[in-house]
Amino acid sequence: MLIGVEWQKQIKRIQLYYGLDVGIQYFERSNPYSIIKISFPSGDIVGYATDEESSVGIPLFGFMGLKYFIHPRVSISIGSALNICIEWSKYKRINYDNQFNETSVSVEGKRKELNFETDYVRFINVGFHF
C-alpha cells in the first residue's frame, strides 16, 4: 500500500511529472512440511520441518516520467523510479517428529535491511482521457 504526491509541469504537448510515494509492505511465508530425517535401512520417516519467514518494510519511491499528448484525449507516457526501503525480517525452522508434534526450533534469526532499487522503466502507458 502506497500513498504519495505528484507534481506536473505542462510544456505544450509534453507533460513532465515527478513525485514521492511512501507506504508499508508486509510479507509472510510458511513452507509446507518437508521430510528431514529418514531412518535407514527401514526407510521410516522420523522427522519433518517447516520454515517460517515474515517481514515488514517501509518503502520510499521517488518517481519521474514524461507524457506526450498525441491528441488532446490520447497520450503515451513512460516513467521510472528509485526505491529505498528499510525492512525487518524474522526467520525460523521448526522441527517435528513423525506424528507432527513440535520438537524444537533449530534455526531462528532476525534481520534488518536497507534496500536500494531502480526501475529504469517502471511503466510504458497509452492513456485515453475523457
hydrophobic_cluster_shared for Leu60 and Ile86, side chain cutoff 4.5 Å: yes
Donor-acceptor pair between Glu28 and Tyr26 side chains, under 3.5 angstrom: yes
Donor-acceptor pair between Gln8 and Gln10 side chains, under 3.5 angstrom: no
Flag, side chain of Ser104 to backbone of Asn95, donor-acceptor distance under 3.5 Å: no
Co-members of the apolar cluster containing Tyr18 [side chain, <4.5 Å]: Val5, Trp7, Met64
Those residues that, when tested against Tyr96, pass ring pair (Phe, Tyr, Trp, His ring centres under 6.0 Å) (two or more places apart): Tyr33
Hydrophobic cluster partners of Leu2 (side-chain heavy atoms under 4.5 Å): Phe61
Same cluster (ILVMFWY, side-chain, under 4.5 Å), Val22 and Ile84: yes
Residue list, side-chain hydrogen bond (donor to acceptor under 3.5 Å, both in side chains) with Ser77, at least two apart or on another chain: none
Interatomic spacing from CD1 in Ile94 to CG in Asn31 - rounded to 0.5 Å: 11.5 Å
Residues forming a side-chain hydrogen bond (donor to acceptor under 3.5 Å, both in side chains) with Ser54, sequence neighbours excluded: none
Partner residues of Lys9 under the side-chain contact (heavy atoms from CB on, under 4.5 Å) criterion, sequence neighbours left out: Ile11, Leu16
Partners passing ring pair (Phe, Tyr, Trp, His ring centres under 6.0 Å) against Phe63 (at least two apart in sequence or in another chain): none
In residues 115-130, what donor-acceptor pairs under 3.5 Å come from side-chain atoms, sequence neighbours left out?
residue, atom, partner, partner atom, Å
Asn115, ND2, Glu113, OE1, 3.4
His129, NE2, Ser75, OG, 2.8

Distance-minimising heavy-atom pair for Leu20 and Gly62: CD2-CA, 3.9 Å
Single-linkage hydrophobic cluster, 4.5 Å side-chain cutoff, Val105 and Tyr48 together: yes
Verify same cluster id: Ile14, Ile70 (apolar side-chain graph, 4.5 Å): yes
Side-chain heavy atoms of Ile3 within contact of Asp21, under 4.5 Å: no
Contacts of type side-chain hydrogen bond (donor to acceptor under 3.5 Å, both in side chains), residue Glu108, not counting sequence neighbours: none
Hphob cluster co-occupancy, Ile58 + Val56, side-chain heavy atoms under 4.5 angstrom: no
Salt bridge (Lys or Arg N to Asp or Glu O under 4.0 Å) contacts in which one or both residues fall within residues 45-70, not counting sequence neighbours: Arg29-Glu53, Asp51-Arg93, Glu53-Arg111
Distance in Å, Lys110 NZ paired with Ser89 OG, rounded so as to fall on 0.5 Å steps: 11.5 Å
Residues in side-chain hydrogen bond (donor to acceptor under 3.5 Å, both in side chains) contact with His71, at least two apart in sequence or another chain: none
